[in-house]
Amino acid sequence: MATEAKRVTDIGPPHFEKFLHPIIKENYGQWKFHDSLGPGLLSHTGPNGTIYSVRMSSPRLVSSNFLRMVCDLAEKYCDGYFRFTSRNNVEFLLANKDNIDPLVKEINEHGQLVGGTDNSISNIVHTQGWVHCHSSATDASGLVKVVMDELSDYFTEQKLPHKLRIAVACCLNMCGAVHASDIAILGLHRTPPRVDSDTLPNLCEIPTTVASCPNNAIRPTSVEGKTTVKVDEEKCMYCGNCFTVCPAMPLADPLNDGVSIWVGGKISNARTEPMFTKLAIPYLPNNPPRWPEVTDAVKNIVELYAANARPFERVGEWINRIGWERFFDMTGIEFTKYHLDDFRHAGTTYRRSLHNRY
Amino acid sequence: MATEAKRVTDIGPPHFEKFLHPIIKENYGQWKFHDSLGPGLLSHTGPNGTIYSVRMSSPRLVSSNFLRMVCDLAEKYCDGYFRFTSRNNVEFLLANKDNIDPLVKEINEHGQLVGGTDNSISNIVHTQGWVHCHSSATDASGLVKVVMDELSDYFTEQKLPHKLRIAVACCLNMCGAVHASDIAILGLHRTPPRVDSDTLPNLCEIPTTVASCPNNAIRPTSVEGKTTVKVDEEKCMYCGNCFTVCPAMPLADPLNDGVSIWVGGKISNARTEPMFTKLAIPYLPNNPPRWPEVTDAVKNIVELYAANARPFERVGEWINRIGWERFFDMTGIEFTKYHLDDFRHAGTTYRRSLHNRY
Amino acid sequence: MADDLKTPLLDELEKGPWPSFVTDIKTLADKSEMAKDLLRQLEKSYEDKRGYWKHGGLVGVMGYGGGVIGRYSALPEEFPGVSHFHTVRVNQPSGWFYTSDALREIIDIWDEHGSGLYNMHGSTGDMVLLGTRTEELEPTFRALTEKGWDLGGSGSDLRTPSNCVGPARCENACFDTMEMAYKITHRYQDELHRPMFNYKYKIKMSGCPNDCTAAIARSDMALIGIWKDDIKVDQAEFAKYLDDGFNVQEFVVDKCPTGCIAVEGKQINIDNSNCVKCMHCINRMPHALSVGDEKGFAINLGAKAPIVEGALFASVIVPFMSIEDYKDEDSYEEFHDLLERIWEFWDEHGTSRERIGEFIERVSLATFLEGIGVEPSPKQVKAPRDNPYIFYEEYYAEEGEG
Amino acid sequence: MADDLKTPLLDELEKGPWPSFVTDIKTLADKSEMAKDLLRQLEKSYEDKRGYWKHGGLVGVMGYGGGVIGRYSALPEEFPGVSHFHTVRVNQPSGWFYTSDALREIIDIWDEHGSGLYNMHGSTGDMVLLGTRTEELEPTFRALTEKGWDLGGSGSDLRTPSNCVGPARCENACFDTMEMAYKITHRYQDELHRPMFNYKYKIKMSGCPNDCTAAIARSDMALIGIWKDDIKVDQAEFAKYLDDGFNVQEFVVDKCPTGCIAVEGKQINIDNSNCVKCMHCINRMPHALSVGDEKGFAINLGAKAPIVEGALFASVIVPFMSIEDYKDEDSYEEFHDLLERIWEFWDEHGTSRERIGEFIERVSLATFLEGIGVEPSPKQVKAPRDNPYIFYEEYYAEEGEG
Ligand code: SRM
Ligand code: SRM
Ligand code: SRM
Ligand code: SRM
Ligand code: SF4
Ligand code: SF4
Ligand code: SF4
Ligand code: SF4
Ligand code: SF4
Ligand code: SF4
Ligand code: SF4
Ligand code: SF4
């Protein structure tokens, strides 16, 4: 492809209007209601007709071949119109209800799944992992695959009390929704950065590096006459912020890097205000390729939620209703000192009342 | 009275048993239930009988004559038995129900009131004020008197949705329950301490003085060769902690000292967890002897609470139900930047959701 | 009334239905120069809108470091009666129970040695004998001890523990607040009278979560009664509430914080596994419901007023403890051991003027629990941490390395 | 499949019902050295339990400071195909709507200039074209712009705003998320492409409080749809829910956070003055209930992940704003003015790598509001302050003094 034309910049994205299905254009801003037609199937109705959506899974990390398959299906059933969701599923947009079944069938033939709507587990929001990021304490795509293998029924069926949203992030930067998910899987380092004092003076600015540490664990020092930094290992909580600004302070440590499990966050304002995800399991080992400890832990929580929560109760709402003590009892997860907050506003998490279940 | 006997120390208080009414002794730890017999009147019943309590107001700051009056009444109606409550009321403890009416009558003849139980306003927990404390930004006993003059009906009748508890403190040390009361009146200074560098070097330890400031507003300095301190007036929030450790830093300022009004705190675990009192009115002037701005403000809040809260809803629970925006609307109190927290955990008070009433 | 007592501003406080402290103090003004000059100085404060007391002053009784608050007028020439006006704090008896005989002893002593004025009681709980001269302190003390009374605390010491009426007149009491307050006060006489802590240490005891002594808001150590088993129900009495037209649905069921009450027919059913012991249903229907049988108390630490890090409610450290026999000193061993470990750890690692609540926040709850040998429990927190900044203590090392 | 592609560990990820990224990438392994060596390096990561990427790297396209994430293999000799493996972030269209024609343009470009691998989409919302060499960056950019596509953000710049499907396919949309995202992205091209802020600035738009883009958790500026008047009710449709046996009491009434719904007979009554617009009742009964007519959005600022001060949700700054005509650039004046005042104030007083949420917490909400010229409102806080540390700015001075 020749690119000899005049170089243009700052053109921004194309206007979306040309990507909108005619039925969508005609009902734009005037939709009346939607209906759920089954797992992965929605219809939205406005004064000028109904549009059908078929939601298909996606590993998000995809190849041209995957996207071509999407285009092919869209052309065959949807006049070429489709979209992606905020959780990286594909939504085919159909004018004709009769096209739903053949489309679903063909999607399945491609080894893809239809689902993720309503009271189901939708796609896992995730990050780069060992596939692309220098910071990662675990892989992301692989974790998503093994966890969703265990939970795919909950994607293709709507058998949960309510929506359940899972996120994976591969380090504490949390490029995703880990801090506000029903269940989150977070990769973490557990040992302080190793300072490479040979390269550090050239690669990093000392004041920026020192300032990067949330816990004041980094101090300037001098090694063989060169100014570098040293880490107070007692104070380091392995957050990796120093590594972000200074490449000479890597944290990766195959023996100790691993995964933590978090529960009970939510984003929507429905019923309760948004809630942060809370620590459930401080550490599970990195055990690729299938991380059995992680999949077991997540499945255990999902199944207890499925069996015990009330209709339209999110994971965090369920736990708040039964109490954290019962959550730890039911899941068999050990409550340790690591669960007790010790950061900035730790005091606000202490139980300052008599409200307790015995 | 001669005190020639051997000096004894560390004897502690007398054992309470000798102060207990025989009916109390017999039912000790075995009480079955209580009944409310009207404002200020309670009965408690156990397997071995019933004890009647008549609750009488008290200014708390009292003279020997007041206490002699209490003793006289107790001897006449209660075999000499009585107690004080945790809110400084007097409780006469009667074996004989028939003694209630005559006792109440005689109490009233002494200019005292009976009430404070159940859904009423009980006595105001308060502090020393200009009567005894060097720190005070307002008087305490006087404020209590003028506020209770306005509200005495709510003491002698049970016409509120639920208990309403008021506290007064005369400075930020808050020697009382100001931080957890339905309504609180808090005296405050509003100008930085004036450093008396003549006396300071003799009276105060510089490091302790510097360390006392929660906002690092105090720095050592030197005036005419003597080491003293200076206050960064931008950073000072008039808390008075420096004055507590260093007498040479008085804050009293007749022009600016005054009173603030706080609402919505509670202590009990009933229904909701304990709650801190929140700022309603940042400043009202000290206007002795009857502080009309303060009594108006408090009465306004009490009357709105009385008219609008649901049964068994405390002030804070009522406000939480209707929302703070409505509270400010209803009371006509202006919402200002002073209401926005800017101390340690200020961020945790920001509204981090979409939950708002319009 | 003394001729020279002109208090036009204070006189305004003699009006109105609420009993007037001015009127009351005036009854002493003839007999007591102190009372009279207190009113006169107060009148000046009302005129000038400021107090006229000097800051503190180290006075006390022999061998005691606390119990007296020194106070001097800033205008001793003008108001000689209150040139000294020290406060004597006296231990109240458990639950503030008195007989007239006992109180008269105090009155007589204070009429002789002091101003004849009191706070009944101070916010911490003591009898506060308000105003005397330095030279009267020791005689007052002698007179008090002779009658069996002793001083309370002040400064960096244990303060007089205080307690709700509890088993003495309340069906909700889950532990013997009266006896326990007595036992603690007596056991720790030295800690009460000789300030050696980092800062003050207040203990309050409430027999149940209604917390009628405000322990959770105002004491470094709050002992608050609680039970572990089921709420006791008298179904016949419950039916009476319904029959009497009491709106159980709106006033009880709908207000239960965990929604764990159901009414079926004339029967109340409580899902006790989800009850958080808030007391509301019991409060509303004392004839029908009462606290369980397996009773004890929770230990919450760290309440305080805002100075300096902001106000704190006390937080759960030991969710449940019980004492076999409150009358038996030996039964308290577990409690005393714990309290002493707490004091030791605070003493060793706390800083001067650092209350225990601020101390726990500074060193972190996990460290504090480890320091005093208490196991972590979900009952100590509202929820587990939401930030990922975890200090791991166990990690793997290369073989040969470690 | 290429002979030398031995990935026994990754092959385990081809099992199971969920679509496998390994299987998918393998379909490219014959054509693309990059895809193949990515799998080979990943296999090594799976063996060794660690990543093999070098830290960052400053690469990009001419005149742009963002949009490309530089990435190099730490083992370039072993995996030459990914010795360079830079990411190109491309602005997604509003609401992630595509036609197959449009997407095929991208696919063709990336097959030619890059690895043929993507994240559809990145967490911020961009199309993420995953992996190419430095020398291909400029050609990729040229090819993209020729087809009307442009780069997204990275570094300390405005990131591509993203938005929920909103008016394009949702009855709940309270504002035109689609058009507004487009307008903002176009207006602030400079801010997007040339990082000059203290740190990144993300804008996300959700058409209603369901917040389907997680704006409140993941954007420095969250625009979230809201309405001011009453929820619209179709009583006939409501009756159908009852008739169909839907448990309105348990699933709706009991779950309303402010208890402001009452059902009388077949009629639903909402006390709208107490409704907090949580959406739950509307979500449960979309045929009967819908958002009001007086629609707009709230502006919440400051969400972010935990690094460094702990995670934040965005907090209310402007409780309600509306735009007359979303298609008309002039209608946005109030919004743009505000946004520019925000950036200016943050720029002037913020520090490097300080997100706006942390900035607001540091300078305090009151100062921030004053700085950007927004009035304080109880809607900005959960509750007023509970500590008494108030900085008064107005006070009285002696006459003659001031
Ligand atoms: C397509 C999508 C918007 C988009 O622009 O892409 C979308 C679309 C709808 N959402 Fe959503 N939501 C979408 C992401 C979200 C997110 C964001 C996320 O998960 O990261 C949230 C916040 C999640 C959270 O709280 O943690 C979200 C919270 C909701 C809720 C609130 C659920 C609750 O009660 O907490 C509803 C209402 C409901 O389900 O009752 C809702 C309802 C809806 C409705 C029914 C709105 C409508 O009337 O059309 C749509 C179909 C929902 C369904 O899947 O059953 N949508 N929705 C997103 C689909 C993601 C996916 O592929 O699964
Ligand atoms: C006598 C006293 C205890 C003592 O040892 O002195 C006491 C005694 C009783 N309290 Fe109390 N409370 C006493 C101070 C308190 C306090 C402390 C305070 O106010 O500083 C509280 C916490 C207040 C708060 O939450 O801010 C307190 C919160 C309660 C509650 C919880 C109310 C609520 O729903 O929030 C109840 C139960 C109720 O009233 O429903 C209660 C109930 C009771 C009962 C009914 C208990 C019983 O069965 O005997 C007693 C009679 C109450 C009444 O006045 O109607 N008591 N009660 C105190 C009387 C003070 C006074 O003179 O007014
Ligand atoms: C007398 C009393 C007020 C009253 O009118 O009842 C009182 C009076 C004083 N308190 Fe207090 N406090 C009194 C109960 C309280 C309480 C309430 C309580 O104990 O339940 C509190 C709040 C709870 C707490 O402990 O935090 C309280 C919090 C303070 C503080 C702030 C301490 C803090 O850590 O935030 C100070 C300042 C200090 O300790 O230096 C203080 C300091 C003082 C001093 C000693 C003034 C000073 O700066 O040195 C006051 C002497 C006044 C005087 O001239 O008599 N007082 N003080 C109360 C003690 C009487 C008694 O023994 O029964
Ligand atoms: C690609 C992407 C993850 C993904 O797989 O989707 C990503 C990838 C990176 N993020 Fe991110 N972030 C991505 C969305 C996010 C999000 C989610 C969001 O935007 O909704 C967050 C959390 C929300 C937030 O902004 O706080 C996020 C929080 C971070 C942080 C922590 C920032 C903070 O203030 O706490 C960092 C560290 C930093 O900025 O230095 C970071 C840094 C990074 C860097 C640039 C690594 C670094 O240290 O320099 C990663 C490059 C990975 C790579 O090799 O490609 N990334 N990052 C997302 C961007 C794609 C896109 O443009 O669409
Ligand atoms: S979460 Fe960490 S490791 Fe994962 S993509 Fe983001 S910055 Fe990289
Ligand atoms: S990893 Fe985090 S805590 Fe440890 S030194 Fe680096 S910045 Fe500081
Ligand atoms: S609140 Fe302040 S002024 Fe009042 S008694 Fe306590 S220390 Fe003194
Ligand atoms: S009054 Fe408080 S804030 Fe002001 S200087 Fe003194 S200690 Fe600091
Ligand atoms: S705290 Fe409980 S036990 Fe004590 S008096 Fe109050 S209600 Fe009774
Ligand atoms: S004590 Fe409170 S939580 Fe327990 S059942 Fe009664 S109202 Fe519910
Ligand atoms: S945020 Fe609201 S308007 Fe947008 S898609 Fe979700 S439900 Fe619809
Ligand atoms: S939107 Fe939420 S708060 Fe409003 S009426 Fe419906 S359920 Fe209640």
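Within every chain, numbering begins at 1; the chains are lettered A, B, ... in the order of the sequence lines, protein sequences first and strands thereafter. Everything quoted here is computed from the prediction, not taken from an experiment.
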Subject >> Stepwise salt bridge (Lys or Arg N to Asp or Glu O under 4.0 Å) test for Asp111(D) and Arg68(A) >> reply: CA-CA 11 Å; Asp111(D) 271 351; Arg68(A) 286 210 171 83; 2.9 Å; yes

**OP:** Could you look at Cys170(D) and say if it's the side chain, the backbone, both or neither that has a heavy atom under 4.5 Å from chain A?
**Re:** backbone

Subject >> Lys32(A) portion near chain D, given a 4.5 angstrom heavy-atom threshold >> reply: backbone

Original post:
Do His193(D) and Thr9(A) meet the criterion of a side-chain donor-acceptor pair at a distance under 3.5 Å?
Top reply: no

Original post:
Checking Leu28(D) against chain A: side chain, backbone, both or neither under 4.5 Å from a heavy atom?
Top reply: both

Original post:
With sequence neighbours left out, what residues match Ser36(A) under side-chain hydrogen bond (donor to acceptor under 3.5 Å, both in side chains)?
Top reply: Asp118(A)

Subject >> Stepwise salt bridge (Lys or Arg N to Asp or Glu O under 4.0 Å) test for Arg310(A) and Glu250(D) >> reply: CA-CA 10 Å; Arg310(A) 295 192 184 146; Glu250(D) 192 179 329; 5.8 Å; no

**OP:** Check whether His287(D) gets within reach of chain A through its side chain, its backbone, both or neither, counting any heavy atom under 4.5 Å.
**Re:** both

Original post:
Taking the six-membered ring where the residue is Trp, are the ring centres of Trp130(A) and Tyr46(D) under 6.0 Å apart?
Top reply: yes

Subject >> Residue part contacting chain D, namely of Thr244(A), when any heavy atom lies under 4.5 Å >> reply: both

**OP:** Please look at Asp10(A) and chain D and tell me whether the side chain, the backbone, both or neither of the residue comes under 4.5 angstrom of a heavy atom of that chain.
**Re:** both

**OP:** Examine whether an atom of Glu91(A) lies under 4.5 Å from a heavy atom of chain D, and if so say whether it belongs to the side chain, the backbone or both; otherwise answer neither.
**Re:** side chain

Subject >> Atom group of Arg60(A) that falls short of 4.5 Å from chain D, counting heavy atoms >> reply: both

Original post:
Where does the angle between the aromatic ring planes of Trp149(D) and Phe19(A) fall among parallel (under 30°), tilted (30 to 60°) and perpendicular (over 60°)?
Top reply: parallel

Original post:
Is the closest side-chain donor-acceptor distance between Asn241(A) and Arg353(D) under 3.5 Å?
Top reply: yes

Original post:
Does some side-chain heavy atom of Arg142(D) sit less than 4.5 Å from a side-chain heavy atom of Arg7(A)?
Top reply: yes

Subject >> Side chain / backbone / both / neither for Ile51(A) at chain D, heavy atoms under 4.5 Å >> reply: side chain

Subject >> chain A contact via Lys15(D) - which portion, at a heavy-atom distance below 4.5 Å >> reply: both

Subject >> For the student: nearest non-hydrogen atoms of Leu9(D) and Pro289(A), plus distance >> reply: O-CB, 3.3 Å

Original post:
Given that the side chain runs from C-beta out, which part of Leu13(D) has a heavy atom under 4.5 Å from chain A: side chain, backbone, both or neither?
Top reply: both

Original post:
Considering only heavy atoms, which portion of Tyr64(D) lies under 4.5 Å from any heavy atom of chain A: side chain, backbone, both, or neither?
Top reply: side chain

Original post:
Is chain A contacted by the side chain of Leu289(D), its backbone, both, or neither, given a heavy-atom distance below 4.5 Å?
Top reply: neither

Subject >> Option passing ring pair (Phe, Tyr, Trp, His ring centres under 6.0 Å) with Tyr98(D) (candidates Phe16(A), Phe84(A), Tyr81(A)) >> reply: Phe84(A)

Original post:
Taking it one step at a time, do Asn65(A) and Thr27(D) satisfy side-chain hydrogen bond (donor to acceptor under 3.5 Å, both in side chains)?
Top reply: CA-CA 7 Å; Asn65(A) 293 329; Thr27(D) 66; 2.8 Å; yes

**OP:** Measure Lys382(D) against the heavy atoms of chain A and call it side chain, backbone, both or neither at under 4.5 Å.
**Re:** side chain

Original post:
Of all of Cys133(A), Ala252(A), Ser152(A), which one pairs up most often with chain D through heavy atoms under 4.5 Å apart?
Top reply: Cys133(A)

Subject >> Which atoms of Arg290(A) approach chain D - backbone, side chain, both or neither, heavy atom under 4.5 Å >> reply: side chain

Original post:
Which pair of heavy atoms, one from Gly176(A) and one from Ser123(D), lies closest together, and at what distance?
Top reply: CA-OG, 3.9 Å

Subject >> For Leu113(A) against Trp18(D), the heavy-atom pair lying closest together >> reply: CD1-CE3, 3.6 Å

Subject >> Ala211(A): partners by side chain to side chain contact (heavy atoms under 4.5 Å, CB included), with sequence neighbours left out >> reply: none

Original post:
Where is the tightest heavy-atom contact between Ile11(A) and Gly148(D), given as atom of each residue plus distance?
Top reply: CD1-C, 3.6 Å

